Amino acid sequence: MSKLYIVPTPIGNLEDMTFRAIRVLKEVDLILAEDTRTSGKLLKHFEIGTHMHSHHMHNEHKTIENLISRLKAGDTMALISDAGTPAISDPGFLLTRACVEHGIAVECLPGATAFVPALVNSGLPNDKFVFEGFLPDKKGKQTRYLALAEETRTMILYVSPHKLVKTLTEFITYFGEDRPICVSRELSKLHEENVRGTVREVLTHFENKPPKGEIVVIVGGKSTK
């Protein structure tokens, strides 16, 4: 029976791969991978021999029609990204939506997602939060910042390492230097780091220690007191 499986993959530590994820990747007819070179290493490690096709942000609009046709014909597929859960700031939404529109079953496995451990270990309120992902590079950035400055819920952002210092400087402009934040770097990996404090304190830290690796930033919401 045709089905699309959304399969999370480790964000750094291979021990976070689930038994179920390994089984599904071995059983499906085709694996759709964001980068077949990166995913090839993962599949080799777990002795998964299923054929892969490339499926990323630059080709997903062109490949969906063919993939839907194959799924309707009875194929089963698994969608994976380079790390974490597909469709969370990664390709996946368009294909998932197309499957839903065509009545094709979609099943998302639970698994690794970078923002969950970052949020939980930040020490900031996590009963209510908003996921922002990557902020716009230029167009719309100021508008987004002005809206976020009034947000009372904890905010989750993804920031590339070479933009972190600039982003923290922008935080001071829009959120103030005393807003509490936590920057989580290289989650689940050997050199995992969680830097907590005010925006000013965290900025000073990374000005003196240029960041590397994958980064999640947790920002405390605007105080209502």
Side-chain angles (χ1 to χ4, degrees), residues 8-17 34-35 38 41-42 81-90 110-138 140-225:
T9 55
I11 60 175
N13 192 323
L14 290 177
E15 292 181 357
D16 292 335
M17 190 72 170
E34 184 179 5
D35 186 326
T38 299
K41 298 174 184 177
L42 178 76
S81 61
D82 290 346
T85 301
I88 304 296
S89 292
D90 276 325
T113 303
F115 78 78
V116 174
L119 174 64
V120 173
N121 72 29
S122 70
L124 294 170
N126 55 31
D127 56 331
K128 295 179 181 180
F129 58 89
V130 56
F131 176 75
E132 284 293 317
F134 290 98
L135 290 173
D137 279 335
K138 294 180 181 178
K141 178 185 279 192
Q142 183 180 31
T143 300
R144 196 77 216 115
Y145 266 134
L146 291 172
L148 293 177
E150 299 302 315
E151 177 61 66
T152 58
R153 295 169 293 181
T154 299
M155 295 167 277
I156 304 167
L157 299 97
Y158 287 165
V159 181
S160 60
H162 69 277
K163 293 182 180 179
L164 181 61
V165 169
K166 179 182 177 182
T167 299
L168 294 176
T169 302
E170 293 169 345
F171 282 3
I172 291 178
T173 300
Y174 292 97
F175 303 148
E177 64 179 19
D178 294 325
R179 184 74 69 93
I181 66 170
C182 176
V183 173
S184 293
R185 188 180 66 82
E186 294 290 81
L187 286 164
S188 84
K189 300 178 183 178
L190 180 63
H191 300 292
E192 176 176 329
E193 179 182 35
N194 297 283
V195 182
R196 306 173 183 87
T198 65
V199 176
R200 174 62 68 186
E201 290 168 342
V202 175
L203 172 59
T204 299
H205 173 86
F206 285 109
E207 284 177 331
N208 295 320
K209 184 181 178 183
K212 296 180 181 179
E214 300 294 324
I215 291 172
V216 185
V217 181
I218 310 298
V219 184
K222 181 180 180 181
S223 176
T224 56
K225 296 180 180 179

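Side chains are part of it too, since the values below use all heavy atoms of this structure and drop only hydrogens, waters and symmetry mates. All values reported here derive from a predicted model rather than from experimental measurement.
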Q.
How close do T9 and M17 get, counting heavy atoms only, and between which atoms?
A. CA-SD, 4.4 Å

Q.
I want to check something: taking the side chain as every heavy atom from C-beta on, are F171 and V217 in contact at a cut-off of under 4.5 Å?
A. yes

(Q) Looking at G12, is its backbone amide N or carbonyl O close enough to the side chain of D16 to form a donor-acceptor pair, meaning the two atoms are under 3.5 Å apart? (A) no

Q | E207 CD: over 12 foreign heavy atoms closer than 6.0 Å | A | yes

Q: Output yes when a side-chain donor or acceptor of T113 lies under 3.5 Å from a complementary backbone atom of F115, and no otherwise.
A: no

Q: List the steps, then state whether salt bridge (charged side-chain N to carboxylate O under 4.0 Å, His left out) holds for R196 with E201.
A: CA-CA 8 Å; R196 306 173 183 87; E201 290 168 342; over 6 Å; no

(Q) I want to check something: taking the side chain as every heavy atom from C-beta on, are Y174 and L146 in contact at a cut-off of under 4.5 Å? (A) yes

Q: Check whether any side-chain heavy atom of D178 lies under 4.5 Å from a side-chain heavy atom of R200, and answer yes or no.
A: no

Q | Shortest non-hydrogen contact between P10 and A112, atoms and distance | A | CA-CB, 4.2 Å

**Q.** CD1 on I218 to OG on S122, rounded to 0.5 Å
**A.** 5.5 Å

Show me the side-chain donor-acceptor pairs of residues 181-190 shorter than 3.5 Å, one per line, residues at least two apart or across chains.
residue : atom : partner : partner atom : Å
S184    : OG   : N194    : OD1          : 2.6
R185    : NE   : E193    : OE1          : 2.9
R185    : NH1  : K212    : O            : 3.1
R185    : NH2  : E193    : OE1          : 3.3
E186    : OE1  : K189    : NZ           : 3.4
E186    : OE1  : E214    : N            : 3.1
S188    : OG   : N13     : N            : 3.2

Q) Considering only heavy atoms from C-beta outward, does the side chain of F206 approach that of I215 to under 4.5 Å? A) no

Can you give me every donor-acceptor pair (side chain of residues 125-135, partner residue at least two apart or in another chain, under 3.5 Å) with its distance?
residue : atom : partner : partner atom : Å
E132    : OE1  : R144    : NE           : 2.9
E132    : OE2  : R144    : NH2          : 3.1

Q.
Main chain of P117, side chain of N121: is a donor-acceptor contact present, judged purely on distance under 3.5 Å?
A. yes

Q.
Contact between L119 and T154 at the side-chain level, heavy atoms closer than 4.5 Å - yes or no?
A. yes

**Q.** Minimum heavy-atom distance between A83 and D90, given as atom pair plus value
**A.** O-OD2, 3.6 Å

Q. Is any side-chain heavy atom of V202 less than 4.5 Å from a side-chain heavy atom of T198?
A. no

Q. E170 pairs by salt bridge (Lys or Arg N to Asp or Glu O under 4.0 Å) with which of K141, R179, K163?
A. K141

Q: State, without any angle test, whether T152 and T224 hold a side-chain donor-acceptor pair at a distance under 3.5 Å.
A: no

Q: For D82 and D35, indicate whether the former's side chain and the latter's backbone hold a donor-acceptor pair under 3.5 Å.
A: yes

